[in-house]
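Down below is the structure, laid out as structure tokens.
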Number of protein chains: 2
Amino acid sequence: MAEYRQATVFDVAKEAGVSTATVSNVLNRRDVPLSEKTIRKVEEAAAKLGYRRNVMAASLSRRKTYEVGLLLPGFVGYYGLFAQQMERTAHKYGYHLSVFSTDMDSKVERRLLEKLLERRVDGLFCHGLAMSGDSARKVVNDGTPILFFNCWNELKHLAIGTVNLNVYQACVDAVVHLHEQGCRSFFYYGNKRAFATNEQRIHGFREGLRLTGGKHPADMIDVEDIAADDLAEWLAERSEDATPAGVMCFDDWKAFVCQNRLIEGGYDVPGRFKVVGINNEFVAGHSYPGITSFNVPYEHQADMSFRWMLTHLGEQAKLEAKGERPFSPPVAGGEVKIPLTLVERLSSR
Amino acid sequence: MAEYRQATVFDVAKEAGVSTATVSNVLNRRDVPLSEKTIRKVEEAAAKLGYRRNVMAASLSRRKTYEVGLLLPGFVGYYGLFAQQMERTAHKYGYHLSVFSTDMDSKVERRLLEKLLERRVDGLFCHGLAMSGDSARKVVNDGTPILFFNCWNELKHLAIGTVNLNVYQACVDAVVHLHEQGCRSFFYYGNKRAFATNEQRIHGFREGLRLTGGKHPADMIDVEDIAADDLAEWLAERSEDATPAGVMCFDDWKAFVCQNRLIEGGYDVPGRFKVVGINNEFVAGHSYPGITSFNVPYEHQADMSFRWMLTHLGEQAKLEAKGERPFSPPVAGGEVKIPLTLVERLSSR
DNA sequence: TTGTATGCGTTATCAG
DNA sequence: CTGATAACGCATACAA
């Protein structure tokens, strides 16, 4: 198919015997009145020529791209599922989502951010930016609105708002749950490198300890400090045989590793140790024993995020036309908390 | 930041006291000669104004986007890792990759394909298209080159080529390996809905049986026919206690489910059953017992794909300038086979 | 209801 | 080495 030039509005106009303006009007179904006849003529011409709109030209002319960007640390696990949902939601609202993974690398992050801004995306969603607030501010020096996910630190000031999974509350609930299941010593198995979101979990964990009476033995572990191979022994040394010990983990993958290393070490789960994760990924439901976890309401999370963004882009009118109640965003820099729900499985029974 | 108009080449030109053409020349470092002085002037002006190139305008003018699209069934597991590698490789070759997940839905697939073509991507990578060859042909009626991944069916004719993981050989190797480990009955636990790629595995499985002497008991199972909860019992009934039975699984996730259901049912892995997966995902390495699997050389796979695509886009010159040997693609409709390598773990020892 | 003319921000082709 | 200027393909006031 050498050099098959794509048909343009001009070609369609000529074929249909109308002007390019009319073609554009027909194809974009605007509020202007059009005669049935011209509509048919144009549509037939377009179909015949295999016309396909050139998004770049359209965006350039309209000065709006209907594209929003999503920056993620990666695609695996939770992030992948989240990205898929965001794509669906974007489409539902007539937008196009460009997803990029930063590989947890601030250089890559910076480059992708730049790329997205060069594309003149209408808005930006960022999940777990590694770069500093200052760097980010320097890169995003235009008016492009940004929404952050799971962000509790300085970056908040850059954003029109943040949407956070309530991992704090999840950890509170987890400790309470473990206590109810008979645990009398507690561990948090975390991930320093996740920064603020790890801190949130720790606060929740502590609050859970407080709520369950105060003085049970408890300790923190981090993947950076204890090799997975030593984990089981480490936990066993610091807990007694008489009552089960509860291990609250950063996420399902940490829980998975933790649980398997315990089993490998010959410790009974959930008899001797009870394990809880977060995110309720596939691995949690299909392990043996199944891993107790917290479910993420992806659809709700994505919907909140988009409605907030669209409100900020001045698209309330469209939302309301679709029968949506206008979504009034919190004050600038405000935060939406998405609640997680406990899913009990064998690992904590 | 209300209405902060982005600086244009025109603004930069004015600021630097040169013409827009010169600005463009400086910023794109073309082969034209430029004086050091103007280069500095332009660069300073651009920096001062916070100039950011408008990709749409550039692509429109250049009639080339330097963007390629990747269509995937989803982002989870293997696909997510593959997407991340493809992004890296795209960048390495100066391209920009837009990744979309089709949710395994041919409607979504069609829409995304359309979107990508509307964006005038230079090329297209498709992994596991659900739509028929005819539908695809109708959508892709322009000259946009397409490369398929893991495709053994009719769609091949649409493409400039295909890059396939050699799952056939992996299954052959797996059966041989299981046989060496003492297995004397064999099962394949598959996934009909994956069509051709499932067939490939089955062929490999059969060939493996043939190579290992022919007449060992063997059987096929499919996730659609046997509920996971019944799997262990089903396998136990059809195999004898005296020698271990080997279960070759569609991928690591199937292997994971299979192994855990067996353990849950009280069967010893790897004593009574040995399990093998494909893809060597995180879950395989961190299960207990660790799951024997086949490693995917993501980087090589992505590199082969891109070099093939770029050759087709007439970019050999650039590749060679970078010191790459020119990659001569197979004949049109040809196939590149990517070998998988066995990773032995406890599940098959 | 339809057509004309102009702008969107770059790149590229020529002359100077 | 540098500067006008014409595309690129579409959308949209403004006229008709």
Side-chain angles (χ1 to χ4, degrees), chain A residues 3-43 45-46 49-67 115 117-122 142, chain B residues 3-43 45-46 49-67 96 117-122 142:
Chain A
E3 281 319 308
Y4 174 81
R5 197 178 69 85
Q6 278 279 350
T8 72
V9 271
F10 197 78
D11 300 323
V12 176
K14 201 162 58 181
E15 174 75 24
V18 298
S19 76
T20 63
T22 303
V23 172
S24 180
N25 284 339
V26 170
L27 263 31
N28 298 320
R29 299 243 177 279
R30 297 155 26 103
D31 43 2
V32 306
L34 294 163
S35 82
E36 271 304 322
K37 204 173 59 185
T38 36
I39 291 181
R40 210 180 10 260
K41 272 196 302 183
V42 170
E43 282 177 342
L49 298 178
Y51 170 76
R52 181 145 34 214
R53 178 240 289 266
N54 183 322
V55 170
M56 296 170 301
S59 300
L60 191 59
S61 175
R62 203 191 301 115
R63 295 148 126 253
K64 159 131 184 146
T65 57
Y66 287 101
E67 175 176 351
K115 259 285 187 275
L117 292 170
E118 281 186 348
R119 305 180 73 88
R120 300 293 190 272
V121 290
D122 294 337
D142 60 357
Chain B
E3 280 318 309
Y4 175 79
R5 197 177 70 85
Q6 279 278 349
T8 71
V9 270
F10 197 77
D11 300 324
V12 177
K14 202 162 56 182
E15 175 76 23
V18 297
S19 76
T20 63
T22 304
V23 172
S24 180
N25 284 340
V26 170
L27 264 30
N28 299 320
R29 298 242 177 281
R30 297 154 28 104
D31 44 4
V32 306
L34 294 163
S35 81
E36 271 305 322
K37 203 174 59 182
T38 37
I39 290 181
R40 212 183 7 260
K41 273 195 302 181
V42 169
E43 281 177 345
L49 298 178
Y51 171 75
R52 178 144 38 212
R53 180 238 293 262
N54 183 320
V55 169
M56 294 170 300
S59 300
L60 190 59
S61 176
R62 203 192 302 114
R63 293 147 129 261
K64 161 135 180 136
T65 57
Y66 287 102
E67 175 178 351
H96 176 75
L117 293 170
E118 281 186 349
R119 306 178 73 87
R120 301 291 190 270
V121 290
D122 293 338
D142 60 357

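Residue numbers start from 1 in every chain, and the chains themselves are labelled A, B, ... in the order their sequence lines are given, proteins ahead of strands.
- For the side-chain contact (heavy atoms from CB on, under 4.5 Å) test, residues two or more places apart in sequence or in another chain that qualify with A:Glu67 are A:Thr65, A:His96, A:Ser98, A:Arg119, A:Val121, B:Arg119.
- Each end of the helix from C:dT1-D:dA16 to C:dG16-D:dC1 gets its own axis from five base pairs, and the two axes differ in direction by 40°, given to 10 degrees.
- With sequence neighbours excluded, the residues satisfying side chain to side chain donor-acceptor pair (under 3.5 Å) with B:Thr38 are B:Ser35.
- Qualifying side chain to side chain donor-acceptor pair (under 3.5 Å) partners for B:Glu118, counting only residues two or more places apart in sequence or in other chains: none.
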- Message: Output one letter per nucleotide in nucleotides 6-16 of chain C: B when a protein non-hydrogen atom lies under 4.0 Å from the base, S when only the sugar-phosphate is that close, - when neither is.
- Response: -BBBBBB----
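- In terms of the ring pair (Phe, Tyr, Trp, His ring centres under 6.0 Å) criterion, A:Phe10 has no residue partners (sequence neighbours excluded).
- Residues meeting the salt bridge (charged side-chain N to carboxylate O under 4.0 Å, His left out) test with A:Lys64, sequence neighbours left out: A:Asp122, A:Glu315.
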Are there any protein N/O atoms within less than 3.5 Å of an N/O atom in nucleotides 14-16 of chain D, and if so, which ones and at what distance?
none

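- Checked against side chain to side chain donor-acceptor pair (under 3.5 Å), B:Asn25 has the following partners two or more places apart in sequence or in another chain: B:Arg30.
- With sequence neighbours left out, B:Ser59 forms a side chain to side chain donor-acceptor pair (under 3.5 Å) with no residue at all.
- Taking atom CD1 of A:Ile39 as the reference point, atom C1' of C:dT2 lies 13 Å away to the nearest angstrom.
- Applying the side-chain contact (heavy atoms from CB on, under 4.5 Å) rule to A:Ala57 yields the partners A:Asn54, B:Leu60; only residues at least two apart in sequence or on another chain are considered.
- Looking at heavy-atom distances under 4.0 Å, B:Val55 makes no contact with the nucleic acid at all.
- One interatomic measurement links the two molecules: CZ of A:Arg40 to P of C:dT1, which rounds to 15 Å at whole-angstrom precision.
- Pairs of residues two or more places apart, or lying in two chains, that qualify as salt bridge (Lys or Arg N to Asp or Glu O under 4.0 Å) and include a residue from residues 49-59 of chain A are A:Arg52-B:Glu114.
- The CG atom of B:Asn28 lies 7.0 Å from the CZ atom of B:Arg62; values are rounded to the nearest 0.5 Å.
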